[in-house]
Amino acid sequence: MSDTANGSSTTKEPETRPDVSGVDGDATDKELEAMKARVKEMEEEAAKLREMQAQVEKEMNLTEEDKEAVDARSVYVGNVDYSATPEELQAHFQSAGTINRVTILCDKWTGHPKGFAYVEFAEPDLVANAMALNESLFHGRQIKVTPKRTNVPGMSRGRGRGRGGYRGGYYGYNPYGFRPRGRGRYRGY
DNA sequence: GTTGAGCGTT
């Protein structure tokens with residue numbers, strides 16, 4: 001509350017003020033302006049936070065549904081050539097229908113491609129069409145097209161989920177014993 | 001200076 005320092009600004013104000021309202025009034029005005037500015041900033045921050053929150057909640061709501069829905073729309077492509085690109089895969093599976101996304105999985109640590117990919121279609125019906133491309137020749141190799149399933153292979157395919165508490169969670173097996181960091185996966189589109 | 005089973009996320 002000292003009139004000597006306005007605080008925020010280092011700008012020196014010239015004393016030549018045609019304003020006859022008095023210095024006190026001017027100071028009050030300035031404080032009011034500063035306050036308004038602060039309020040505005042706070043409002044902006046609040047809005048930003050609110051938006052972020054809404055987005056998070058929205059994503060949270062969609063996550064479960066989409067996660068399961070995406071699995072129904074996606075197919076697993078195995079035996080993919082290491083030099084294959086998502087565009088080629090997309091070109092290959094485009095004949096089945098509209099492709100939402102093509103993702104080639106690569107090892108995040110070594111960077112080497114794992115040799116398989118996912119093709120996410122726009123609708124689950126196209127997955128059946130994609131089955132026609134099963135064991136089709138791609139890069140001189142016969143790719144394997146199977147409906148995607150989220151879990152480690154080798155486990156009995158008898159519906160293991162639904163009984164245990166594994167609902168919506170991964171089976172949490174990472175061969176590195178560490179949490180993956182960075183994004184080394186190659187994504188087309 | 002690599003090899004062929006593998007199920008990912010924004």
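Chain letters run A, B, ... following the sequence lines, proteins first, then strands; residues in each count from 1.
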Legend entry - Residue A/R141, side-chain atoms from C-beta onward, closest of B/dG4, B/dG6, B/dG8: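 Selected nucleotide: B/dG4.
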Legend entry - Minimum-distance nucleotide (side-chain atoms of A/V70 versus B/dG8, B/dG6, B/dG4):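 Shortest atom-to-atom distance from the side chain points to B/dG8.
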Inset, instruction - Looking only at non-hydrogen atoms, find the nearest pair between A/H92 and A/S136 and report the distance. - result: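 What the structure gives for the nearest pair is NE2-OG, 3.5 Å.
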Inset, instruction - Over all heavy atoms of both residues, which pair between A/I99 and A/Q94 is shortest? Give the atoms and the distance, please. - result: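 Scanning both residues completely, I find the closest heavy atoms to be CD1-N, 3.5 Å.
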Tell me the interatomic distance from [X], atom [atom1], to [N], atom [atom2], rounded to whole angstroms.
X      : N      : atom1 : atom2 : result
A/K144 : B/dG4  : NZ    : C1'   : 8 Å
A/L105 : B/dT10 : CG    : C1'   : 14 Å
A/R149 : B/dG6  : CZ    : C1'   : 11 Å
A/R101 : B/dG8  : CZ    : C1'   : 9 Å
A/E68  : B/dG8  : CD    : P     : 14 Å
A/Q142 : B/dA5  : CD    : C1'   : 17 Å
A/H112 : B/dG1  : NE2   : P     : 10 Å

Inset, instruction - Look at A/K108 and B/dT9 and indicate whether a side-chain polar atom (N or O) is within less than 4.0 Å of OP1 or OP2. - result: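 Checking A/K108 against B/dT9: at least one side-chain N or O falls below 4.0 Å of OP1 or OP2.
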Legend entry - Cation-pi geometry met for A/K144 and A/Y76 (6.0 Å, 45°):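 No, A/K144 and A/Y76 do not form such a contact.
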Legend entry - Distance-only donor-acceptor test (3.5 Å): side chain A/K114, base B/dG4: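 Side chain to base: no pair present.
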Inset, instruction - Kindly confirm whether the side-chain ring of A/F116 is stacked on the base of B/dG6, judged by centres under 5.5 Å and planes under 30°. - result: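 It does not: the two rings, one from A/F116 and one from B/dG6, miss the stacking criterion.
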Inset, instruction - Report the residue (A/Y76 or A/N79) whose heavy-atom-nearest nucleotide on DNA chain B is the more 5′ of the two. - result: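 Nearest-nucleotide comparison on DNA chain B picks A/N79.
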Legend entry - Residue closer to the 5' end of DNA chain B, A/Y118 versus A/G115 (nearest nucleotide):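 Looking at the nearest nucleotide for each, A/G115 comes out on the 5' side.
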Inset, instruction - Check whether any side-chain N or O of A/E88 sits under 3.5 Å from a backbone N or O of A/T85 as a donor-acceptor pair, and report yes or no. - result: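 Yes, the answer is positive, given that a donor and an acceptor are paired below the 3.5 Å cut-off.
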Legend entry - A/R101 side chain reached by A/T103 side chain, heavy atoms, under 4.5 Å: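 Result yes, sub-4.5 Å side-chain heavy-atom pair found.
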